[in-house]
Number of protein chains: 2
Amino acid sequence: MRILLLEDEPEMARALLEALRRRDVLADHVRTIADADAMARVGTYDVLVLDRRLPDGEGLDLVAALRQRKYPVPILVLTALGSIDHRVDGLDSGADDYLAKPFAIEELLARLRALQRRGPAISDKYLNFGNLSVDPRSNEISIAGSVVEFPRREYLVLEALMRRPNRIVTRSNLIEAVYALEDEIGSNALDAHISRIRKKLVQAGAAAEIRAVRNIGYLIRAKA
Amino acid sequence: MRILLLEDEPEMARALLEALRRRDVLADHVRTIADADAMARVGTYDVLVLDRRLPDGEGLDLVAALRQRKYPVPILVLTALGSIDHRVDGLDSGADDYLAKPFAIEELLARLRALQRRGPAISDKYLNFGNLSVDPRSNEISIAGSVVEFPRREYLVLEALMRRPNRIVTRSNLIEAVYALEDEIGSNALDAHISRIRKKLVQAGAAAEIRAVRNIGYLIRAKA
DNA sequence: CGACATGTAATGTAGCCGCAATCTTTGGCA
DNA sequence: TGCCAAAGATTGCGGCTACATTACATGTCG
């Protein structure tokens with residue numbers, strides 16, 4: 001599962017991100033409404049999670065704007081304001097669920113799953129690029145029409161790249177996507193994974209390749 | 001406002017063209033993907049509007065092809081297929097907005113205006129000048145429609161110049177753009193990079209050139 | 001115990017990039 | 001206008017380094 005988290009409080013954000021990552025929920029984190037809007041335009045998410053009070057405005061305004069544009073992804077609103085009135089405001093604006101702080105991480109996860117399940121038959125079913133297709137729900141990858149097995153780490157790297165085809169994904173992004181925070185990585189483990197992924201890609205006849213961007217990271221793009 | 005309309009159904013096309021004309025929107029109308037591709041290469045448009053099902057193929061394939069060539073103009077996709085899955089496909093392929101038939105002309109016009117308005121933001125993704133296009137997100141440069149490889153330092157120099165076309169960028173600015181602070185540069189390394197960039201530019205048929213400004217720096221400008 | 005995943009390390013390798021040598025252009029000045 | 005010094009342009013060369021690949025050890029799960 002893949003979510004966009006819009007949260008400006010550093011502590012809350014960090015705790016959430018860590019908890020989500022342990023559950024294999026991939027979260028993009030932004031701190032402003034403007035950034036969230038931009039990410040929602042280009043990214044593909046299962047659920048959007050946002051705070052109400054944000055440095056550049058009111059979260060519900062973003063909800064309204066997205067819904068006005070028929071943005072189809074379910075939205076869950078976090079807030080420190082737990083009163084019923086506010087809750088109604090949240091739902092009226094077009095959000096799909098509402099969660100008052102403080103809350104148990106487990107409850108958040110349960111609600112995310114619920115939203116994903118009942119979600120308007122959304123989208124993130126597959127990440128497609130070239131003849132590659134990644135299914136984030138089953139963690140299956142198919143290349144040129146047939147399923148190719150990838151071990152966990154390799155899968156996570158490739159999924160991270162597929163989330164942003166044609167765009168550079170930094171080494172640190174990739175490492176974050178693959179490893180829990182506490183895991184320390186000492187050497188060229190990432191390089192080794194890339195190498196193994198490449199081997200599988202060519203072996204399966206993928207129409208995409210992974211290129212290194214020196215000193216920065218990697219990107220996946222159409223094969224020359 | 002000036003748009004390119006790719007629509008093969010005669011009735012729909014005629015109705016749209018008339019409505020657009022009343023709103024002082026200049027529309028070029030083509031019926032095939034091939035024609036649209038040709039027009040996009042030579043014409044200058046604010047928005048490209050296209051249908052999905054077309055006599056010579058699938059409209060989204062054109063979108064993908066244009067985006068692969070870094071074609072910077074916002075694209076709005078019309079379709080009779082209104083399901084969310086299709087919507088996501090459309091956005092994934094690189095389109096900027098999506099409109100399901102049937103729709104009110106007013107809504108189309110509103111979306112066109114929106115795309116035009118945020119158009120600069122889109123081309124902000126790309127730095128365009130002449131037939132050069134720089135994509136800072138992938139560090140890719142395309143010249144006359146095809147991608148040209150630039151090594152890291154050359155890319156950084158060219159990107160810095162492309163951020164201020166027709167204006168002088170000082171040597172120190174360029175060096176700052178290319179080198180980390182601690183890196184000291186002892187000789188004419190910058191000149192060497194400029195030279196190598198120039199060679200690639202002429203080789204790729206760029207309609208721009210880099211001129212030296214004695215004792216100050218360099219600038220990029222339209223080729224004589 | 002066997003198969004597989006995955007971090008680590010050793011080794012290979014490509015190609016970037018700085019340097020310097022040489023050639024060309026420019027502009028100041030008489 | 002002609003000359004010269006300085007700035008810029010070009011190009012080959014070689015070292016460096018990040019990346020690639022492979023083998024191996026360790027861990028893990030059945």
Side-chain angles (χ1 to χ4, degrees), chain A residues 24 139-141 147-161 168-203 206 209-221 223-224, chain B residues 139-141 148-161 168-203 206 209-221 223-224:
Chain A
D24 287 334
N139 289 8
E140 263 188 358
I141 295 176
V147 174
V148 179
E149 293 294 333
F150 280 83
R152 171 179 169 69
R153 300 280 208 237
E154 294 176 25
Y155 169 82
L156 289 171
V157 171
L158 186 50
E159 183 188 321
L161 291 170
I168 298 172
V169 185
T170 64
R171 289 187 96 87
S172 50
N173 279 159
L174 288 172
I175 290 171
E176 281 174 24
V178 175
Y179 300 94
L181 289 179
E182 72 275 8
D183 279 340
E184 276 305 312
I185 193 169
S187 74
N188 62 342
L190 178 60
D191 303 54
H193 287 305
I194 293 282
S195 179
R196 292 173 187 131
I197 295 169
R198 281 195 180 120
K199 184 182 291 184
K200 291 193 177 70
L201 289 185
V202 299
Q203 192 173 350
E209 61 188 353
I210 299 176
R211 291 181 57 90
V213 181
R214 195 181 175 91
N215 278 324
I216 304 185
Y218 292 90
L219 61 81
I220 190 167
R221 70 176 196 184
K223 201 164 182 177
Chain B
N139 287 13
E140 268 187 352
I141 295 175
V148 178
E149 296 291 336
F150 281 82
R152 172 169 172 70
R153 297 229 125 97
E154 293 176 24
Y155 169 83
L156 290 170
V157 171
L158 186 50
E159 182 188 320
L161 291 170
I168 299 172
V169 185
T170 64
R171 290 186 92 90
S172 50
N173 279 158
L174 288 171
I175 290 171
E176 279 174 27
V178 174
Y179 297 95
L181 294 177
E182 73 278 6
D183 279 339
E184 274 307 309
I185 193 170
S187 74
N188 63 341
L190 177 60
D191 304 55
H193 286 305
I194 293 282
S195 177
R196 293 179 184 122
I197 294 169
R198 282 192 179 123
K199 183 184 291 186
K200 289 194 178 71
L201 290 185
V202 300
Q203 192 174 351
E209 61 187 354
I210 299 175
R211 291 185 59 89
V213 181
R214 195 182 174 89
N215 283 323
I216 303 185
Y218 292 90
L219 61 82
I220 191 167
R221 69 180 200 180
K223 200 164 183 177

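Values below: all heavy atoms of this structure, side chains included; hydrogens, waters and symmetry mates excluded. No experiment lies behind these values; they were computed from the predicted model shown.
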State whether the number of non-hydrogen atoms from other residues, nucleotides or ligands found under 6.0 Å of B:Arg211 atom CZ is greater than 12.
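Not more than 12 within 6.0 Å, no.
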Atom NZ of residue position B:Lys223 - does it have more than 12 heavy atoms of other residues, nucleotides or ligands inside 6.0 Å?
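Yes.
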Pair B:Arg196-B:His193, side-chain contact (heavy atoms from CB on, under 4.5 Å): steps then yes or no
CA-CA 5 Å; B:Arg196 293 179 184 122; B:His193 286 305; 4.0 Å; yes
Please report the distance, rounded to the nearest Å, between [atom1] in [X] and [atom2] in [N].
X	N	atom1	atom2	answer
B:Ile197	C:dC17	CD1	C1'	12 Å
A:Ile175	C:dT6	CD1	P	15 Å
A:Leu190	C:dG7	CG	P	10 Å
A:Leu201	D:dT21	CG	P	11 Å
A:Lys200	D:dA20	NZ	P	16 Å
A:Glu149	C:dA3	CD	P	18 Å
B:Leu174	C:dG18	CG	P	13 Å

Taking side chain to side chain donor-acceptor pair (under 3.5 Å) as the test, write out the residues that go with [X], two or more places apart.
X	result
A:Thr170	A:Ser172, A:Asn173
A:Glu209	none
A:Arg171	A:Asp191

Using a 4.0 Å cut-off on protein heavy atoms (strictly under), produce a 5'-to-3' string for nucleotides 6-14 of chain D with B for base contact, S for backbone-only sugar-phosphate contact, and - for none.
BSSBBBB--
So what is the end-to-end bend of the helix from C:dC1-D:dG30 to C:dA30-D:dT1, with 5 pairs used at each end and the value given to 10 degrees?
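Answer for the end axes of this duplex: 30°.
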Could you go step by step and tell me if B:Val148 and B:Phe150 meet the side-chain contact (heavy atoms from CB on, under 4.5 Å) rule?
CA-CA 6 Å; B:Val148 178; B:Phe150 281 82; 3.6 Å; yes
Compare side-chain N and O positions of B:His193 against OP1 and OP2 of C:dC16 and report whether any pair is under 4.0 Å apart.
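False: B:His193 side-chain N/O out of range (4.0 Å or more) of C:dC16 OP1/OP2.
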Separation between CG of A:Leu174 and CG of A:Leu158, rounded to the nearest 0.5 Å
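That separation rounds to 10.5 Å.
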Please identify each residue that fulfils salt bridge (charged side-chain N to carboxylate O under 4.0 Å, His left out) with B:Glu154, with sequence neighbours left out.
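For B:Glu154 the salt bridge (charged side-chain N to carboxylate O under 4.0 Å, His left out) partners, ignoring immediate neighbours, are B:Lys200.
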Could you work out which one of C:dT8, C:dT6, C:dC17 sits closest to the side chain of A:Pro151?
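Of C:dT8, C:dT6, C:dC17, C:dT6 is nearest to the side chain of A:Pro151.
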